[in-house]
Structures are given as C-alpha cells and as structure tokens.
Trainee: 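Here you go, one structure.
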Amino acid sequence: MTTDTLTIDIRKTAESRLPQLDMNNLPFGKVFSDHMFSADYESGQWKNLQIVPYAPLTFSPSNMAIHYGQSIFEGMKAYKNFKNDILVFRAEQNWERLNKSAHRMCMPAIPEDIFMEGLRELLSLDRGWTPAKDGCALYIRPFMFATDEFIGMRPSETYKFMIFTCPVGKYYSEPVKLKIETHFSRAAQGGTGSAKCAGNYAASMYPAKMAQLEGYNQVIWTDGSEHKYVEEAGTMNLMFLINNVLITAATSDSILDGVTRKSVLTLAKEWNIKVEERKVTVTEIVEALKKGEVQEAFGVGTAATVAPVSNIGFEGTDYKLPEIKSDSLTNRILIALDDIKYDRVPDTRNWITRI
Ligand SMILES: *Cc1c(COP(=O)(O)O)cnc(C)c1O
C-alpha cells in the first residue's frame, strides 16, 4: 500500500481465523484479529512499515522494555454501522496522547500519518473483525516499546510501534464498589500518572487486589502526597453528580487525560449541566455521601464508556449510592455516546474517522 508519503508492506494471512470466531460470545481482550501493524524506529527514523499476520514476536532477553519499562500504550474502539462502515472514535486524540506519553518516557513521537494510515489499513484489511452487533466493538491497542539489547540505564535508541485489535462483546457494567484509597498511590506529582506507560499499571495491581479482598471492585486513587484529593478510579476517570453539578478532578501530571472524560464533559456542557473541573477533596465527597447529596458517581473510560458506582467505602464505612434510574445522567451519557459511535446521529463534533 502506498500513499503520497508512506509505503506499508502487507503480507496477508494464508488462512483467516475469522470463521472460528463466535461473535455472540466474545471475551474481553483474549481474541486477536488476523493481522497486526508494526513500524521500527532506528537511527532517528521510523521504517519497515508493515502489516503481517498476528503472531508472537522474538526479542532478546536483554530487551530494555522488559527490564526498565520503557513501554507505552493506547486503547480506543471502532464500531460498525448498518452499512458496514467502520467508525473509529476520536482516534487523533489517542495519537496525540501516545505522543505525550512518549515524550515523558524519552521515546520518539510517532508521526500522525504512520499512526492513522497504519490504523486505516489494518482496520480495512480486518474489516470482518469489527463486530456489527449493537454494543460490540473492535478494541484497538496501539503501543510502543524499547527494543535495544542493552541493560545499561539510558533511553533505548530503537523502538517498535505496533497496533493489534480485539473484537469485544457488550460491556455489561454492573455498578462498581469503590474504596477510597488512603495508603497506596497510583501516581505522584511530577511522576508518570498522566502517561499511559506500562509501569503505572503494574504498580496499581497490588492496591486493587487488597481492595478486592475487602469486597470492593477497585480503588479510588487519591493524591500521592496527602491522600486528600480524589483523582481517578482504577483505570478510569471519575465523576460525581452532586446537587446537579458534574464534578471531576482537573487534569494534572498525576491524572490520565481521558478521551471519554473529555467527551462526557463536552456533552454535559452542551446540555447546560454545570461542570466543575477542579481539585476534589475526599472530605467534600464523604460529607456529600453522608448527607445523601451524591446523586450519581461513575467511572469513564474506553472499555466501559460509563461505569456506574453503587458503593463508596472510606475508612471502614461503606456508603451506598442511589440506584441508577433510566433518566439518570449516567444513562443519558451512555446513550448519547453510543448514538455517535454507532452512527445513529450526525457527527457534528467531528469525533469519527470513517473507514
Ligand atoms: C486509559 C485511562 C483512562 C481512560 O482514558 P480513555 O481515553 O477515556 O479511555 C483513565 N485513567 C487511566 C489511568 C487510564 O489508563
């Protein structure tokens, strides 16, 4: 495949695995489409742009990414409309964010045309892997990692950028129980919390596991220095509707600037809902929970879109939130975003890339 600026070598699979796929029974993140895109960074340039059958990679035991975690990723989704078009939601936002993460991790930027053309070619070649069913989607995983064979401590000089995809089923988001974490931290001021880098997720697993032993699904992360401010929930941004005001933590270097978060805030403002992006204290949330003023709370992120919160635990007390009603903001947001993603309403905000 050649465009004005770049050439992608395509080697197709001899036998598609698509006929073996049960579209009615899709586990999350375990089934991978036929092909993958990759590009290699060497001597200051991206080269070897190719799409090949999805297969294991080989690399040296001294690969730097394994030892020191110079590795970043993105997560986005594509949807199919009734005409068999594929619609990718806000892909350029993920491209921009990948490059922000790359910058923080001393990794090279990926040019927009390589990211977007690689994505386009991959999705059109594997067109059949984007589920056409309502609620289903194609999860897209772009990522970049160090490839130097070297165990000295410095940034790698070579990298690999890749994209693979997974068809995923309808996400039944049972309301989640969250615990306000006051000991462990996900991210520190000046740290890497705003980068989607591998190490952040490794470090978050133990606190989540501890919360799960106490009967919670995930933790609400608080700031790393004082645990006074609410930041995120698990791997989602977190929002509260209190006295009809939509409140969420302002982005900072300890908060991941979510595309879903951004999109929800845009919709809320269009709907004339009062929005506050600011520091949110644990105290004000606990006070509002005690007074029954928290009307709704929900996590926002690509996987679930909106995940309603049923309980919030703080220092041994569990607060129950009101049940989500059909006209709740949680549901309105979910419906509005699905309408855009599945092409049921005009894309007036320019959020869709069509393939
Ligand atoms: C990816 C991610 C989010 C959500 O971002 P989206 O772009 O909405 O998917 C929120 N928090 C963390 C820590 C994340 O890694």
Side-chain angles (χ1 to χ4, degrees), residues 28-29 69 71-79 88-102 104-105 115 119 137-144 165-166 168 171 173 176 178 181 184-189 191-208 211 217-224 229-240 246 248-268 277 280 297-307 309 330 333-334 336-338 340-341 349 351-353:
F28 184 87
S71 177
I72 57 175
F73 69 97
E74 271 304 323
M76 55 215 253
K77 276 183 179 170
Y79 305 80
V88 193
F89 186 70
R90 306 198 76 175
E92 75 300 332
Q93 293 281 327
N94 295 87
W95 165 71
E96 274 179 26
R97 190 170 67 191
L98 185 77
N99 282 345
K100 280 185 195 155
S101 301
R104 178 63 180 82
M105 305 302 289
F115 186 99
L119 180 67
L138 189 74
Y139 183 83
I140 303 165
R141 172 52 61 89
F143 60 111
M144 192 199 295
T165 68
C166 311
V168 294
Y171 200 102
S173 39
V176 289
L178 301 176
E181 180 59 63
F184 296 107
S185 305
R186 188 191 84 87
Q189 205 187 334
T192 57
S194 62
K196 242 174 149 70
C197 63
N200 288 349
Y201 304 85
S204 73
M205 288 175 187
Y206 182 77
N217 300 103
Q218 254 300 349
V219 301
I220 293 180
W221 300 109
T222 52
D223 70 286
Y229 301 99
V230 169
E231 296 201 321
E232 299 196 52
T235 56
M236 294 184 289
N237 296 110
L238 182 60
M239 300 189 174
F240 300 91
L246 186 62
T248 194
T251 52
S252 71
D253 57 8
S254 56
I255 290 182
L256 202 285
D257 186 3
V259 179
T260 318
R261 173 188 181 281
K262 202 174 285 188
S263 309
V264 168
L265 295 181
T266 301
L267 292 181
E277 290 178 73
V280 181
F298 46 90
V300 293
T302 295
T305 309
V306 183
V309 179
T330 306
I333 290 167
L334 194 57
L337 286 175
D338 273 358
I340 298 166
K341 292 167 175 178
R349 302 166 196 85
W351 283 356
I352 298 297
T353 304

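Remember, it's 1-based here, ligands and their atoms both numbered in the order they're listed.
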Trainee: Polar-atom distance check: N94 versus ligand 1, any N or O pair below 3.5 Å?
Mentor: no
Trainee: Give a yes-or-no answer on whether the side chains of T266 and R349 include a donor-acceptor pair shorter than 3.5 Å.
Mentor: no
Trainee: Note the single closest protein heavy atom to atom 8 (O) of ligand 1, along with its residue, its atom name and the distance in Å.
Mentor: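 That would be T260 OG1, 2.6 Å.
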Trainee: Using a 4.5 Å cut-off on heavy atoms from C-beta on, say whether the side chain of W95 contacts that of L119.
Mentor: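 No, too far: nothing below the 4.5 Å cut-off.
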Trainee: Could you find the nearest protein heavy atom to atom 3 (C) of ligand 1 and give me its residue, atom name and distance?
Mentor: T235 O, 3.3 Å
Trainee: More than 12 heavy atoms of other residues, nucleotides or ligands under 6.0 Å from CD of Q189: yes or no?
Mentor: no
Trainee: Heavy atom under 4.0 Å from ligand 1: found in R97's side chain, backbone, both, or neither?
Mentor: side chain
Trainee: If you measure every N/O of V259 against every N/O of ligand 1, is any gap under 3.5 Å?
Mentor: yes
Trainee: Taking 4.0 angstrom as the limit, do R186 and E232 come out as a salt bridge?
Mentor: yes
Trainee: Counting heavy atoms only, name the option from K196, M236, R90 that's nearest to atom 14 (C) of ligand 1.
Mentor: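 Looking at heavy atoms only, the winner is K196.
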Trainee: Just checking, is any N or O donor in the side chain of D223 or S254 under 3.5 Å from an acceptor N or O on the other one?
Mentor: no
Trainee: Identify the protein heavy atom lying closest to atom 9 (O) of ligand 1, giving its residue, its atom name and the separation to 0.1 Å.
Mentor: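 Looking only at protein heavy atoms, the one closest to atom 9 (O) of ligand 1 is T302 OG1, 2.6 Å.
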Trainee: Could you list the atoms of ligand 1 found under 4.0 angstrom from a heavy atom of G258?
Mentor: 5 (O), 6 (P), 7 (O), 8 (O)
Trainee: Report the C-alpha distance between V306 and M239 in whole Å, list the side-chain angles of each, state the deciding distance to 0.1 Å, and finish with yes or no for side chain to side chain contact (heavy atoms under 4.5 Å, CB included).
Mentor: CA-CA 10 Å; V306 183; M239 300 189 174; over 6 Å; no
Trainee: So, does T222 use its side chain to make a donor-acceptor pair with the main chain of E181 at under 3.5 Å?
Mentor: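 Flag set: sc T222 to bb E181 pair under 3.5 Å.
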Trainee: Between R261 and ligand 1, is there a nitrogen or oxygen pair with a distance under 3.5 Å?
Mentor: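 No, R261 has no N/O under 3.5 Å of an N/O on ligand 1.
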Trainee: Using modelled atom types and a 3.5 Å cut-off, is there a donor and acceptor pairing between side-chain atoms of R97 and backbone atoms of D257?
Mentor: yes
Trainee: Looking at atom 15 (O) of ligand 1, what's its closest protein heavy atom, distance included?
Mentor: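 Result for atom 15 (O) of ligand 1: Y201 OH, 2.4 Å.
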Trainee: Regarding atom 11 (N) of ligand 1: of the candidates E232, Q93, M76, R186, which has the closest heavy atom?
Mentor: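 Heavy atom nearest to atom 11 (N) of ligand 1 belongs to E232.
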